[in-house]
Peer 1: 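Below is a structure I'd like to ask you about.
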Amino acid sequence: MIEFYISSKKIKGPFNLPLTMESGQTSQPPWKKDNSQFQEILIIDGAPCLVNIGNEDQDQDIAVKIIAESPNSIPQKAIKNKVIEIFSLNDNLDKLYDFLSEDPKLSPTVDHCRGLRIFKAKNPFECVISSISSANCSILRWTRSIQNIKQKWGDSYHFSSGNFHTFPTPEILSNVPEHDLEEIQRYEGEIPGNFMFKNNLQACGVGYRAKYIINTAKMVQTDINLKKLAKMKYEKAFETVLELPGVGPKVADCILLYGFGMKQAFPADVWIKRIIEFLYFSKNDLKPQKVREFGMENYGDWAGYVQLYLFHYARTSGLLESLRGK
DNA sequence: TTCCAGGTAGTCG
DNA sequence: CGACTACCTGGA
């Protein structure tokens with residue numbers, strides 16, 4: 001077990017950990033909360049590592065306090081780099097706030113979102129499946145589904161603070177039963193009277209997305225290589241992830257933004273459409289594709305952050321409620 | 001209790 | 001191409 005810190009002086013701008021963790025970004029469900037700390041199992045250099053992080057420390061110089069625990073010996077530097085990547089600690093939020101302040105429509109978001117950062121995937125495949133599961137679905141429901149999938153098919157690791165599960169590999173997930181019928185068809189031997197369906201994807205609450213998830217898990221083993229995707233330019237990567245079943249333009253942008261850190265992505269969901277219309281177009285009925293183009297053209301490399309900040313601002317200011325149904 | 005939100009895929013013109 | 005609708009679940 002090791003304990004160390006990341007200094008505030010090492011990162012550009014503020015960092016609000018609970019806000020980042022609980023803002024509903026589709027990279028992964030929020031980590032397990034323990035008082036003001038958050039815990040999750042990460043695979044670092046191929047080894048399991050329970051990472052506990054907090055940033056409520058009294059000392060103003062500490063941006064993040066990290067306690068890491070692993071049966072293997074993992075260099076502190078590797079753990080630190082993983083945390084920096086997941087919480088986008090290299091992003092310069094001071095520059096973001098300069099950019100937001102230049103646009104009177106965007107400047108109010110700063111006070112509502114100070115320290116909110118992109119919560120990037122700890123595992124890109126998990127982000128692909130999370131994003132597919134989030135389509136046409138509430139945050140509460142898709143996060144619950146992903147937690148179910150991890151519990152049923154992920155590797156389990158026991159630590160003093162509890163059991164943690166990794167997200168299953170594409171190999172494992174592509175071979176799970178899609179629904180009750182398939183689970184019982186595969187059942188070996190006599191079926192007990194008290195048989196409970198639970199080891200199938202639909203039982204995780206993903207609904208009709210189960211077949212998309214299984215087929216996507218198959219495709220990332222063959223046609224679509226996630227490691228190559230990470231190296232593609234944004235436009236090419238967008239076209240590529242669109243080939244996955246259950247992935248349309250909005251989900252594709254979530255995958256590229258939260259899974260691969262492509263910050264020029266502007267995921268255009270129905271809420272962002274309403275917010276953009278309200279702020280910039282008063283009455284028009286924009287097509288989602290137009291909303292996406294508007295975001296990319298006007299916000300450039302800050303598009304992903306603007307989408308995140310607008311949505312969170314609308315949620316916490318009451319704007320979202322007033323736009324409901326429009 | 002019924003109703004409805006929320007992106008994608010499939011179908012139709 | 002654009003317009004329209006079915007899809008599954010759970011919270012209101």
Side-chain angles (χ1 to χ4, degrees), chain A residues 22-27 29-30 126-152 173 176-184 196-220 223-224 237-259 265-278 284-296 303-304 307-308 310-312 314-315 318-326:
Chain A
E22 290 158 2
S23 54
Q25 303 179 51
T26 66
S27 55
E126 176 181 22
C127 176
V128 171
I129 302 303
S130 292
S131 300
I132 290 172
S133 305
S134 74
N136 202 20
C137 205
S138 67
I139 295 172
L140 186 68
R141 193 179 145 197
W142 75 255
T143 54
R144 199 180 283 167
S145 296
I146 297 303
Q147 282 155 356
N148 284 336
I149 290 171
K150 290 167 65 178
Q151 273 180 22
K152 289 187 205 302
L173 204 54
V176 305
E178 182 187 333
H179 40 49
D180 289 355
L181 181 62
E182 199 176 328
E183 183 181 349
I184 207 151
M196 294 282 285
F197 293 106
K198 54 182 197 293
N199 287 309
N200 70 75
L201 251 188
Q202 223 164 19
C204 296
V206 298
Y208 57 83
R209 303 161 197 81
K211 70 166 76 62
Y212 303 153
I213 292 171
I214 289 169
N215 288 329
T216 289
K218 286 178 180 161
M219 285 178 69
V220 299
D223 317 13
I224 293 180
F238 184 78
E239 296 304 320
T240 304
V241 288
L242 274 185
E243 293 174 30
L244 295 169
V247 177
K250 189 269 180 181
V251 170
D253 274 333
C254 283
I255 291 171
L256 298 182
L257 177 59
Y258 300 118
F266 190 74
D269 63 16
V270 62
W271 290 109
I272 289 301
K273 170 184 125 65
R274 289 167 185 160
I275 295 164
I276 292 291
E277 282 171 354
F278 171 78
N284 301 6
D285 189 26
L286 291 180
K287 301 277 175 288
Q289 171 60 16
K290 289 288 171 196
V291 177
R292 176 170 177 262
E293 286 168 11
F294 179 87
M296 293 198 301
Q307 193 267 3
L308 182 60
L310 278 177
F311 183 68
H312 187 76
R315 275 216 295 190
L319 174 59
L320 212 56
E321 202 47 44
S322 73
L323 295 177
R324 182 174 292 279
K326 294 202 173 158

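Per chain, numbering begins at 1; letters A, B, ... match sequence-line order.
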Peer 1: For Y208(A), does the OH atom have more than 12 heavy-atom neighbours from other residues, nucleotides or ligands under 6.0 Å away?
Peer 2: yes
Peer 1: Between dT8(B), dG7(B), dG11(C), which one does the side chain of L140(A) approach most closely?
Peer 2: dG11(C)
Peer 1: How close or far is atom C1' of dG10(B) from atom NZ of K211(A), stated in whole angstroms?
Peer 2: 12 Å
Peer 1: Rounding to a whole Å, what distance do you find between D285(A):CG and dG2(C):P?
Peer 2: 14 Å
Peer 1: Using atom CZ of R144(A) as one end and atom C1' of dG10(C) as the other, report the distance to the nearest whole Å.
Peer 2: 8 Å
Peer 1: Mind checking L244(A) for me? I need base, sugar-phosphate or nothing, with any heavy atom below 4.0 Å counting as a touch.
Peer 2: sugar-phosphate
Peer 1: At under 4.0 Å between heavy atoms, what does V206(A) touch on the DNA or RNA strands: base, sugar-phosphate, or nothing?
Peer 2: nothing
Peer 1: Would you please confirm or rule out a distance under 4.0 Å between OP1 or OP2 of dA5(B) and any side-chain N or O of R274(A)?
Peer 2: no
Peer 1: Could you tell me which non-hydrogen atom of R209(A) sits nearest to which non-hydrogen atom of C137(A), and how far apart they are?
Peer 2: NH2-CB, 4.0 Å
Peer 1: Under 4.0 Å between any heavy atoms, over every strand shown, what does P249(A) touch: base, sugar-phosphate, or nothing? Just pick one.
Peer 2: sugar-phosphate
Peer 1: Looking at every non-hydrogen atom in both residues, tell me the closest pair between T216(A) and V128(A) and how far apart they are.
Peer 2: CG2-CG1, 3.8 Å
Peer 1: Rounding to a whole Å, what distance do you find between K250(A):NZ and dA5(B):C1'?
Peer 2: 13 Å
Peer 1: What's the CZ-P distance between R141(A) and dG10(C), to the nearest Å?
Peer 2: 6 Å
Peer 1: Roughly how many Å is it from NZ in K290(A) to P in dG2(C), rounded to a whole number?
Peer 2: 10 Å
Peer 1: Around atom NZ of K152(A), are there more than 12 heavy atoms from other residues, nucleotides or ligands closer than 6.0 Å?
Peer 2: yes
Peer 1: Starting at CD1 of I132(A) and ending at C1' of dC7(C), how long is that distance when rounded to a whole Å?
Peer 2: 15 Å
Peer 1: What integer distance in Å separates E243(A):CD from dT8(B):P?
Peer 2: 15 Å
Peer 1: Let's test your reading of the model: under 3.5 Å, does the base of dG7(B) pair with the side chain of Y208(A) as donor and acceptor?
Peer 2: yes
Peer 1: Measure from the side-chain heavy atoms of Y212(A) and tell me the nearest of dA9(B), dT9(C), dG7(B).
Peer 2: dA9(B)
Peer 1: Is a donor on one side and an acceptor on the other found under 3.5 Å between the side chain of S134(A) and the backbone of S131(A)?
Peer 2: yes
